[in-house]
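As structure tokens, the structure follows; a few thoughts come after it.
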Amino acid sequence: MKTKKNLNRRDFIGMTVAGSSALFAQSCRDWSTEVRTVTQQKVRVRYDINSTEAAAQRNIEYFKKAVAKMKALPRSNPASWIAQAEIHRKYCSGNLNIHRKGLFPPWHRAYLFFFEEICRQLLMKDKVADYADFALPYWDWTTSPQVPAAFGETVWDADLNTIKPPDDWITAPNIKWERLIQPKGRISGDLQLDDIANTTSFFAIIGSDPIGEFTGRLETGPHATIHNEIGGNMSDSALAALDPIFWLHHANIDRLWSKWMENCPDKTPSPNCQPEGCRDDCKYPPVITEWLKKTVEGFYDVNGTPISRQVINLLDTFNLQYLGYRYNDGKPTQWSECPVIYPINVPFYSIKSEVVDEAAKVNESKTVRVGNFLASTSENLKTLENLNASIAQMFQLKIDSQSCLSSPSLLLSIKVEKPVNPAISVRVFLNAPSDPTTLSIDSPSYVATFSFFESPKEAHHHDNLNMNSESRGFIFDITNTIIKLYNLNDSKPFTLEDVTISIFPRLINADSSDETEKIKLISFKFDLAK
Ligand code: C2O
């Protein structure tokens with residue numbers, strides 16, 4: 001496999017496209033059926049709020065102005081602060097919920113875009129020429145983990161402070177809507193950005209919803225952790241958008257999505273896809289074509305007219321017809337004519353087990369040995385045998401592969417019970433050599449950190465409906481961890497049965513340090529996918 005390394009990606013594309021015969025097939029761009037309501041004049045720039053550039057500084061002032069204007073509008077006006085936050089409230093729970101799903105990135109992209117458009121239109125009523133250039137600032141917590149100075153040096157800035165939720169939104173009696181973090185306070189979560197940037201696939205198809213790999217890791221990792229660390233409205237998924245910092249946090253999430261596409265564009269399902277597939281290995285599974293055709297909705301223009309967008313038209317932020325913005329550090333995405341990368345992990349061997357040991361379930365931090373829970377049917381044993389053999393082979397492949405080419409991955413999905421206080425962050429380790437509470441994220445056993453982003457209302461509502469507690473699923477690519485743990489010592493052959501999984505919950509919000517963090521593992525599943 002040495003030669004593979006010496007080919008660059010363009011050569012590889014050239015070789016394969018030349019051999020293709022279906023270049024004239026209809027492109028997925030033809031799926032677009034939408035009538036555009038806004039066409040931008042130029043690509044506007046979203047700047048880092050910490051940038052010292054004049055245009056960046058100006059946008060912060062304009063943002064403050066726009067927020068103040070929106071806060072002053074009556075709630076009945078769709079352009080008002082509360083009405084805009086209500087959109088998020090509506091799409092964060094129940095059957096409209098776009099969180100923990102493949103719609104998370106495109107829905108929020110459209111939500112921010114139409115919010116930004118309202119800000120701009122409200123500002124432009126004051127007839128200052130520069131207002132037409134306004135674009136949202138983003139808060140790059142990857143390099144500046146402190147709450148930006150614009151939000152207050154010692155006390156919260158009056159315009160950019162969060163607001164008390166309307167009385168009819170309050171469902172928990174002692175709701176803490178004010179931020180828990182201090183002005184200029186520091187974000188301390190396990191951001192794991194390198195791991196997330198290195199994920200090979202946008203989706204992993206697990207169950208009926210495409211989530212996982214990149215989008216799931218970003219959402220349940222840094223995205224949720226930062227919501228919870230800010231606290232107050234931000235940590236409640238039904239109230240989060242009442243806090244102006246929400247928009248800057250999400251602009252950064254959106255920027256990370258663009259960045260990820262810049263490096264390996266075909267890792268995200270491409271608008272250049274061809275429904276029949278230009279080659280056998282780039283034909284999208286139905287769940288992806290469905291995703292590209294979907295419409296995200298719930299938004300308004302400044303006049304209160306409802307607007308929606310098709311996912312296929314939300315992939316390219318530079319496109320003036322549909323979006324027309326870029327990040328100050330961003331480049332246009334260079335999609336290939338015919339995507340060469342199978343952009344999705346589809347499992348070919350899966351093994352799943354319920355964690356039946358009741359006593360083990362309530363440990364504050366728990367470790368399970370996989371072998372203890374795999375039912376010993378002959379079918380399962382066969383799957384295990386195949387899995388072990390394929391994983392051993394995969395170690396070799398993975399090491400040779402280039403980052404933009406998809407290669408087999410070993411995915412771990414876990415189902416845990418939603419905790420009483422969801423403001424916790426959970427670290428996952430494999431084969432922890434000691435008590436996981438003593439391990440750091442630098443340990444070779446470390447896999448990932450995930451957080452919950454919930455609303456207390458959701459919890460009470462469901463508890464009343466049935467006595468069963470709610471569960472939440474999370475998925476991780478554990479290929480590299482497994483390689484690290486086993487390839488280092490190749491005297492010991494790999495067996496999945498010997499793997500142990502540890503989950504270690506940590507409270508994020510310091511306020512409730514008197515409570516004990518507990519997490520219950522309900523089940524785990526391994527998928528070997530490519
Ligand atoms: Cu819709 Cu950060 O959430």
Side-chain angles (χ1 to χ4, degrees), residues 37-38 59-94 96-98 107-128 130-137 150-152 155-179 227 230-251 296-309 455-458:
T37 47
V38 191
N59 279 346
I60 299 169
E61 288 317 306
Y62 293 176
F63 180 61
K64 281 193 192 186
K65 243 187 206 130
V67 173
K69 280 176 184 279
M70 291 168 85
K71 284 179 176 172
L73 291 174
R75 182 178 165 180
S76 55
N77 184 333
S80 68
W81 191 251
I82 292 183
Q84 284 292 303
E86 192 156 23
I87 298 174
H88 194 261
R89 180 177 174 77
K90 185 167 164 196
Y91 286 86
C92 80
S93 64
L96 289 181
N97 197 351
I98 46 73
W107 188 88
H108 286 85
R109 174 164 284 178
Y111 184 38
L112 259 69
F113 174 75
F114 291 118
F115 170 86
E116 182 181 76
E117 184 66 18
I118 289 176
C119 290
R120 198 157 43 228
Q121 297 298 332
L122 290 176
L123 288 167
M124 282 163 68
K125 288 191 175 159
D126 290 348
K127 309 228 181 299
V128 175
D130 273 4
Y131 286 160
D133 292 337
F134 171 77
L136 284 173
F151 283 78
V155 287
W156 297 113
D157 179 279
D159 289 333
L160 295 188
N161 206 348
T162 189
I163 62 166
K164 186 172 184 291
D167 286 342
D168 56 313
W169 288 15
I170 296 182
T171 46
N174 298 315
I175 191 162
K176 294 197 182 79
W177 59 271
E178 286 170 298
R179 297 175 187 132
H227 269 286
I230 304 264
N233 287 336
M234 267 291 269
S235 62
D236 183 332
S237 57
L239 309 177
L242 287 172
D243 190 333
I245 210 165
F246 173 96
W247 304 95
L248 283 79
H249 173 39
H250 269 275
V296 290
E297 56 192 13
F299 322 110
Y300 296 93
D301 71 9
V302 72
N303 303 315
T305 311
I307 324 179
S308 59
R309 268 283 175 277
S455 168
K457 180 187 165 220
E458 237 180 314

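For Tyr111 and His250, the ring centers are positioned 6.0 Å apart or more.
A donor-acceptor pair under 3.5 Å links the side-chain atoms of Gln84 to the main chain of Pro78, judged by distance alone.
Of the inter-residue distances, the one linking Gln121 atom CD with Asp301 atom CG reads 8.5 Å to the nearest 0.5 angstrom. Here the straight-line distance linking atom OG of Ser237 with atom NE2 of His227 works out to 8.5 Å at 0.5 Å rounding. In this structure, NE2 on His88 lies 12.0 Å from CG on Asn233, to the nearest 0.5 angstrom. We find the CG-CG distance between Leu248 and Asp243 to be 10.0 Å, quoted to the nearest 0.5 Å. One finds the CG atom of Leu73 at 6.0 Å from the CG atom of Leu122 (value rounded to the nearest 0.5 Å). Note that CE of Met234 is 6.0 Å distant from CD1 of Ile245, once rounded to the nearest 0.5 Å.
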Walk me through whether Leu112 and Leu136 qualify under side-chain contact (heavy atoms from CB on, under 4.5 Å). CA-CA 8 Å; Leu112 259 69; Leu136 284 173; 3.9 Å; yes

Show the numbers, then the answer: is there a side-chain contact (heavy atoms from CB on, under 4.5 Å) between Phe63 and Leu160? CA-CA 9 Å; Phe63 180 61; Leu160 295 188; 3.8 Å; yes

Please step through side-chain contact (heavy atoms from CB on, under 4.5 Å) for the pair Tyr131 and Lys125, ending with a clear verdict. CA-CA 9 Å; Tyr131 286 160; Lys125 288 191 175 159; over 6 Å; no

Between Val296 and His108, does the side-chain contact (heavy atoms from CB on, under 4.5 Å) criterion hold? Intermediate values first, please. CA-CA 9 Å; Val296 290; His108 286 85; over 6 Å; no

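Between Ala79 and Ile118, the closest heavy-atom pair is CB-CG2, 3.7 Å. The two atoms that bring Asn59 and Ala135 nearest to each other are ND2-O, 3.4 Å, heavy atoms only. Contact between Leu239 and Arg89 at its shortest, heavy atoms only, is CD2-NH1, 3.7 Å. Considering every non-hydrogen atom in both Ala158 and Lys71, the closest pair reads O-NZ, 3.9 Å. Looking at every heavy atom in both residues, Lys69 comes nearest to Leu123 through CE-CA, 4.3 Å. Contact between Ala238 and Cys92 at its shortest, heavy atoms only, is CA-SG, 3.5 Å.
Within the 4.5 Å cutoff, side-chain heavy atoms of Asn161 are placed close to those of Arg179. Between Asp130 and Tyr62, some side-chain heavy-atom pair lies under the 4.5 Å cut-off. Annotation: side chain of Trp177 is not in contact with side chain of Leu242 (no heavy-atom distance under 4.5 Å). Between Glu86 and Trp169 the shortest side-chain heavy-atom distance falls below 4.5 Å.
Checking Trp247, Tyr300, Phe299 one by one against Phe115, the ring pair (Phe, Tyr, Trp, His ring centres under 6.0 Å) holds for a single residue, Trp247.
The neighbour count for Asp168 CG, taken as heavy atoms of other residues, nucleotides or ligands under 6.0 Å away, is above 12. Shown here is Lys65, whose NZ atom has no more than 12 heavy atoms of other residues, nucleotides or ligands within 6.0 Å.
Ion pairing of Glu116 with Arg120 is present here, as a side-chain N (NZ or NE/NH1/NH2) and a carboxylate O approach within less than 4.0 Å.
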